[in-house]
Structure formats: C-alpha cells, structure tokens
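Below is one structure; the comments refer to it alone.
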There are 2 protein chains.
Amino acid sequence: MRLTINDIAKRAGVSSTTVSRVINNKPDVDTKTRENILKIIEETNYVPNPIMIGLGKSKTNLVGFFTYNLVGPFRVEALRGISERLSSSQYQLLFYNSNVPFPTTPEQYERTSRGLFEIINKGSVDGLIMLQPVNDKTYLAELYQQGFPLVFIDDWGYMSQFDVPVVEVDNYNGALQAVRHLIGLGHQRIAIITGPLEVGSSAVRTSVDRLAGYKDALKEAGLPFDSALVAQGDFSEESGYSCITALLDRAETASGFTALFASNDLMAIGAMNALNERGLKVPDDMSVVGFDDIPLDAYIRPALTTVRMPVKEMGKLAVEMLIEQIECKTLTAKKVLFPTELIIRASTKPR
Amino acid sequence: MRLTINDIAKRAGVSSTTVSRVINNKPDVDTKTRENILKIIEETNYVPNPIMIGLGKSKTNLVGFFTYNLVGPFRVEALRGISERLSSSQYQLLFYNSNVPFPTTPEQYERTSRGLFEIINKGSVDGLIMLQPVNDKTYLAELYQQGFPLVFIDDWGYMSQFDVPVVEVDNYNGALQAVRHLIGLGHQRIAIITGPLEVGSSAVRTSVDRLAGYKDALKEAGLPFDSALVAQGDFSEESGYSCITALLDRAETASGFTALFASNDLMAIGAMNALNERGLKVPDDMSVVGFDDIPLDAYIRPALTTVRMPVKEMGKLAVEMLIEQIECKTLTAKKVLFPTELIIRASTKPR
DNA sequence: CTGAAAGCGCTTACAG
DNA sequence: CTGAAAGCGCTTACAG
C-alpha cells in the first residue's frame with residue numbers, strides 16, 4: 001500500500017541505488033535521470049521512512065523523552081520545546097511516561113529503572129532526554145560514558161552533581177532576584193518557605209540553591225539571617241499553608257515579618273490562602289513572591305509575583321545537545337544553567 | 001554495542017530462528033534449549049527491538065498521536081491516557097505537535113495538512129490518533145476507508161459527522177446536567193454563554209450540543225427559552241467577560257437572570273471577573289456553572305461548579321480502538337460518546 | 001526439534 | 001553515470 005523506494009525506482013526505470021542518490025543529493029547522477037526521479041517523487045508524494053533510513057546505519061532516527069508525569073506545566077513545557085525543535089530535524093519523538101510522582105518511593109524507583117532499562121535495551125531510540133528522577137545515577141553516568149547519547153533536564157537538581165550533560169535552571173540567581181525585589185521594596189524581615197532540602201539521603205539542589213540565593217540577597221543588603229524566618233515545605237500547596245501558619249505563630253513572639261519568599265508557586269498559593277484566612281491582606285500586610293510562573297499565577301487574586309524559568313528553551317537546547325552527541329559522538333559533558341526572569345505582578349508592594 | 005538476537009543465538013550455540021521461537025513462546029523447542037536461552041536472555045537483559053520485530057511484517061509497532069498543541073489540560077490529559085494505555089502494549093508512542101491554535105487560519109490548516117501527509121507517507125506509524133482539526137476531512141475519511149488505522153478524539157466536534165472512529169464527549173447531556181442542577185436550585189431565569197456555533201462554514205458541534213442541552217433542560221422544566229439570555233462567545237476568557245457584560249446590559253431592561261451556564265470554564269472565569277467588577281457576588285447574586293473542569297477551577301474563589309469530561313479515559317479508549325484496527329483490520333467505524341460528571345463546588349447555590 | 005534462506009526498505013561500498 | 005549485492009535485526013515459511 002505505502003510506496004517504497006523500489007516503487008519509485010520501478011516507475012523511473014532505474015535501480016533503487018540511483019533513487020537513493022537523488023534523494024540524498026549525491027553527485028554523479030545524470031541530470032535527466034535526476035529530474036525524472038524528482039518528478040515522480042513529487043507526483044507520488046513519496047517520503048522515505050526515517051526508520052528504514054536508519055536501519056542500515058544501525059540507528060532509528062528516533063529520540064526518546066522520558067519523564068515522570070505530565071502534571072503541572074514544567075514537563076509539558078519541556079515536551080513542547082523538545083517537540084518543536086525536533087520537528088525541524090530528521091528525528092521523530094518517542095514519548096515515555098513513567099507515571100510516578102516525585103518524590104518517589106523505592107518501589108516507584110524500581111519500576112522507573114526497569115522502564116529505563118527496557119527503553120535502552122530495546123534499542124528503539126538513538127538517544128534519550130531524561131526529565132525523570134532515578135536512583136541508579138551511576139548506571140546512567142556509565143551509560144553516558146560508554147557513548148549512549150543522553151541529556152538530562154533537571155527540575156529538582158538531582159543529576160547536577162554527575163558528569164553528564166544537564167540543562168538546568170539558575171535557581172540561585174532566581175532566588176537572588178526575587179529576594180532583592182522584596183528588599184528593594186523596603187522589606188527588611190523576609191521569611192522563606194524552602195522546598196525539601198533533602199530527599200532520601202541526597203540533597204535537593206533546587207531547594208538548596210534557592211535557599212542560598214535568599215541568604216545571599218540578605219547578606220548583600222546587610223540584613224541578618226534569622227532561622228526563625230525559615231520553614232521547610234515540600235513544594236505542595238498544603239505545605240505552603242502549614243509553613244506560613246507555623247511562621248506566623250512563631251513570629252508573634254518574635255519581631256514579625258512583612259514579606260515572604262516561597263520556593264515555588266504552589267506553596268506561595270497555599271500560604272496566601274492561609275494569610276487570607278487569618279485576615280492578613282496580600283500585598284498590603286504581606287508581600288509574597290513565588291517561583292516557577294505556573295499559569296495559575298495570573299488568575300489568582302492578587303496575581304502572583306514570581307520567577308519564570310525558560311523551560312521551553314531548555315527543552316530545545318536539550319534536543320540540540322542530544323543530536324550533537326548522536327551525530328558527532330562528542331562526549332564532553334556540558335552543564336547549561338538557564339537564567340530566570342522576575343515577573344512582577346500584584347502580590348508585592350512597597351512596605 | 002547493543003545486543004541483538006544473533007548475539008544471544010551465538011552465546012546459546014543455536015540459530016536465531018530458535019531464539020526467536022523461544023522469545024515468542026512458540027512450541028517445538030527442546031526444554032533444555034529453551035531454558036538455556038531464557039537464562040541467557042535473563043542474564044544479558046536482552047530485549048528485542050519492537051521496530052525490528054515489525055520490519056518483517058511491514059509494520060513498525062509505533063503509533064502516532066498528532067495534536068495541535070499542548071496548551072490547556074484537554075490534550076495533555078488525552079496524551080496521558082494514551083501513553084498509559086500504550087505502555088502495557090507492544091506499541092510505542094510517536095508524538096507529533098502541529099503547534100497551531102484553534103480556530104485555525106487557512107495557512108495553519110495548510111501547514112497541518114502537510115504535516116499529516118508527511119507523517120502518513122513516511123510510514124513510521126502503524127496508526128494514528130488525531131486530536132487535531134483538519135480542513136481536508138474527506139481525505140482522512142478515504143484514508144480510513146482504505147485501511148489506514150485512524151482514531152479521532154474530538155474536542156470541538158469537528159469530525160463527528162464523518163464515517164470514521166471518533167471518541168467524543170456527550171456535550172448534550174453534560175449541558176443538560178449542568179442546567180438541571182441550576183433549575184434544581186430554584187433558578188428560573190438562566191443565561192447561557194455559548195461557544196462559537198460555527199467556524200468557517202461548518203458547525204461546531206461541541207457548542208451546538210451544549211446549547212441544545214441547555215434548551216432541553218429548560219423545556220423539560222417547563223421554563224421558556226429566551227433568546228435575550230443567550231450570548232455567543234468563542235471559548236476565551238475575554239469573550240466570557242464581554243458576553244456577561246452584554247447580557248447584564250440587556251437584562252436591565254428585561255426581567256434579569258440569577259444564574260449563568262458558561263459553555264466552558266475559561267468563559268465562566270471571565271464572566272465571574274466581570275460580575276465581581278460590577279459588584280455582583282457569586283454565588284449570592286448569581287450562580288455560575290462552567291464546562292471542562294480545568295485545574296484552575298478548584299483554585300479560584302469561589303471554586304467553580306463545572307462539568308467534568310473523562311479525557312484520560314477517552315485517550316485510553318482511542319488506543320484500544322486503534323490497536324483493534326491495526327491487529328484485526330476491523331473497519332467498522334465507531335462513535336463513542338463519553339458521559340460527563342457534574343462537579344459541584346462553591347459557585348452555585350439555591351436561589 | 002532445529003537451521004538456512006528470504007524478505008521487510010533503506011544505504012553503502014564495490015564493480016563496471 | 002549506474003546497478004548488483006550485502007547488511008541492518010527481526011520473523012516466517014520451508015526443508016530436514
């Protein structure tokens with residue numbers, strides 16, 4: 001039913017070798033022959049199958065994107081960037097979803113690992129973009145060293161300490177921007193709700209870096225760091241709610257605070273709900289900044305000031321780093337840190 | 001680098017034919033031989049490449065999902081369902097994103113068509129799930145008649161009149177539920193903001209069916225249909241805002257209304273913002289129901305009562321209908337209408 | 001019970 | 001300038 005190169009060859013009265021030459025713009029084909037073949041291809045809408053093109057070269061012209069779920073905009077945006085960049089290449093995208101939450105339980109890690117092994121051992125892809133926490137990081141680093149094309153997009157900072165290509169967000173400077181903004185508005189006592197600083201026994205760099213940015217912004221402004229103004233959440237809305245509650249309860253006996261930096265938007269929203277219930281107005285009584293720029297931010301009232309990450313661009317770059325590996329076998333591990341952008345909305349105002 | 005069936009055969013001292021027999025659980029293999037091969041496969045983590053398995057059968061064991069973008073939760077949810085259902089099959093998922101908005105301009109349609117032709121002519125997929133408006137519907141119907149496995153998921157009702165397999169939402173009954181709910185709360189004057197009833201020259205069934213459900217709910221309750229209570233939007237938040245404004249302006253000289261059925265959530269949200277600005281409280285002065293159940297609904301205040309569509313399940317069924325076509329060559333076009341669920345939140349209350 | 005050979009749709013030396 | 005042949009990794013008749 002579908003046309004093959006042999007069908008084209010038959011119609012043109014030549015061998016498939018010649019057709020292949022024409023398709024691939026190789027020299028040494030008679031102009032007449034070339035034109036005739038081109039005309040037939042045009043008429044029949046023949047498009048060579050990239051998978052078959054790969055066959056002889058022991059590749060598939062397929063790349064995989066493996067992620068843990070499509071909840072929330074981060075991974076969806078990454079997928080959009082990846083897909084968009086890939087559409088102008090010869091590669092097609094295989095989508096794999098392990099469908100596990102993060103943080104991940106040992107059983108879920110186990111399942112994910114099996115999924116990963118299977119993807120790789122199947123040999124259906126020439127390379128893989130991972131946006132997927134794994135426990136077996138050493139295995140991946142080895143795989144990469146052995147020449148399997150691999151790029152990580154890192155939403156939780158879980159691969160950044162390994163010698164593999166990683167695309168990540170400059171969480172430190174993003175937090176710095178956010179807290180500088182608050183300080184610039186005249187706030188002196190600024191609380192922070194951090195993300196989980198550790199999962200299992202390994203540090204969550206995302207959370208750690210955002211905390212570090214917070215601390216350094218205070219320091220450069222000559223403001224003291226006060227551990228009473230720090231609460232650790234887990235990136236969920238509920239934890240934002242309970243953390244701000246704890247901070248406020250503590251603050252009643254301390255000197256209070258007038259601004260909050262939440263390490264992600266969901267926690268900022270949870271905190272704003274709690275503030276609202278306590279009769280504290282945002283931004284009049286409390287300025288709030290989040291991190292992520294999820295679509296929700298623009299809809300809630302007041303709209304949330306936050307830090308935007310160029311996730312789509314990160315996806316695109318990941319594709320480029322992957323293709324480079326596939327085609328040039330360049331194995332220099334690269335870390336790329338993407339800059340963030342402060343989005344000022346209505347949840348912050350001068351003290 | 002990657003293991004092949006020949007590597008396994010070599011290690012086991014047999015031919016690849018025998019290994020193939022073992023992998024595929026064919027009879028007539030000596031128990032000893034079988035066990036030995038199984039052991040080697042186990043040790044080496046060999047997994048046959050599904051693409052190569054397909055090769056000899058002129059298939060690829062790949063199915064495609066072609067959609068117009070990943071904005072908003074509908075198509076993301078569909079993708080999740082598709083991916084999840086596929087993971088327990090031998091098929092892998094190729095993701096294609098035409099990256100056009102809907103409604104679509106002629107140029108975008110043109111681009112989409114070219115994309116579609118290319119996907120199909122390339123021959124990389126055994127079948128395709130479309131969540132993608134196209135202008136060339138006849139071409140697709142023919143393609144399907146000729147035996148190319150195709151399933152449509154229909155978010156705008158654009159393919160429902162063609163003789164192809166379509167999975168869609170029971171928009172009529174969803175609207176019926178929504179308006180019955182309002183009537184049950186004692187509302188007698190209920191306004192509606194419809195979706196676009198026509199795009200280009202073809203009816204948008206989604207909008208038409210929701211309007212029909214609204215009308216019939218009124219009729220069965222013995223309430224009159226009043227065209228002064230109908231405004232046509234385009235599913236955008238802005239159109240919700242402007243439609244409710246128009247309705248209210250009109251209503252000042254008419255007999256008013258106490259409830260609103262917006263044909264999607266975004267328009268409901270736009271309307272709620274307008275009501276708020278006019279000093280009308282939801283749900284005290286006006287009950288509002290939407291349609292879609294986007295994640296936003298639970299975050300806005302008041303949380304929005306709406307109609308939920310089982311999109312993920314629709315994706316799963318689409319996969320089953322596709323695989324059935326691929327494997328059984330069954331060509332009975334099926335239309336499946338998925339039931340909706342009314343989600344009652346805080347935006348509606350008794351009159 | 002087992003294997004050699006052909007074939008799926010391409011490309012790539014190689015020969016002419 | 002052009003084509004026959006081998007090969008990529010599987011499966012499927014067919015032969016033994």
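Note on naming: letters A, B, ... go to the chains in the order of the sequence lines (proteins, then strands), and numbering restarts at 1 for each one. Everything numeric here is computed off the predicted structure, so don't read it as measured data.
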- Query: Tell me, which of residues 44-66 of chain A have any heavy atom that sits under 4.0 Å from an atom in DNA chain D?
  - Reply: A:L55, A:G56, A:S58
- Query: For DNA chain D, which residues in residues 21-28 of chain A have a heavy atom at a distance below 4.0 Å?
  - Reply: A:R21, A:D28
Does a side-chain N or O of [X] approach OP1 or OP2 of [N] to a distance below 4.0 Å, or not?
| X | N | result |
| --- | --- | --- |
| B:R2 | D:dC10 | yes |
| A:S20 | C:dT12 | no |
| A:S16 | C:dC10 | no |

- Task: Return yes when atom CZ of B:R11 has more than 12 non-hydrogen atoms of other residues, nucleotides or ligands closer than 6.0 Å, and no otherwise.
- Result: no
- Under 6.0 Å from the CD atom of A:E42, do we count more than 12 heavy atoms belonging to anything else shown? no
- Task: Provide the Watson-Crick or G-U wobble partner of C:dA13, both distances under 3.5 Å; none if there is no partner.
- Result: none
- Message: Could you tell me the Watson-Crick or G-U partner of C:dA4, where both distances fall under 3.5 Å? Say none if there is no partner.
- Response: none
Starting from [atom2] on [N], measure out to [atom1] on [X] and report it in whole angstrom.
| X | N | atom1 | atom2 | answer |
| --- | --- | --- | --- | --- |
| B:K10 | D:dG9 | NZ | P | 10 Å |
| B:D7 | D:dC8 | CG | P | 11 Å |
| A:I8 | C:dG9 | CD1 | P | 13 Å |
| A:I41 | C:dC10 | CD1 | P | 10 Å |
| B:K122 | C:dC10 | NZ | C1' | 15 Å |
| A:Q90 | C:dC10 | CD | P | 15 Å |
| B:N6 | D:dG9 | CG | P | 8 Å |
| B:I5 | C:dG3 | CD1 | P | 12 Å |

- Query: Looking across every strand, which nucleic acid part, if any, lies under 4.0 Å from B:T17 by heavy atom: base, sugar-phosphate, or nothing?
  - Reply: base
Could you check if a side-chain atom of [X] sits within less than 4.5 angstrom of a side-chain atom of [Y], using non-hydrogen atoms only?
| X | Y | answer |
| --- | --- | --- |
| A:Q325 | A:V151 | yes |
| A:V125 | A:F148 | yes |
| A:Y91 | A:K59 | yes |
| A:T105 | A:Q108 | yes |
| B:L317 | B:V336 | yes |

- Message: Can a donor-acceptor pair be found, under 3.5 Å and without considering hydrogens, that links the side chain of A:N121 to the backbone of B:V47?
- Response: no
- Check whether any side-chain N or O of B:Y158 sits under 3.5 Å from a backbone N or O of B:Q132 as a donor-acceptor pair, and report yes or no. yes
- D:dC10 versus C:dC1 - spacing of their P atoms, nearest Å: 25 Å
- Message: Would you measure the distance from the P atom in C:dT2 across to the matching atom in D:dG9 and give it in whole Å?
- Response: 24 Å
- Message: Before we go on, tell me: are the rings of B:Y139 and B:F117 under 6.0 Å apart, centre to centre?
- Response: yes
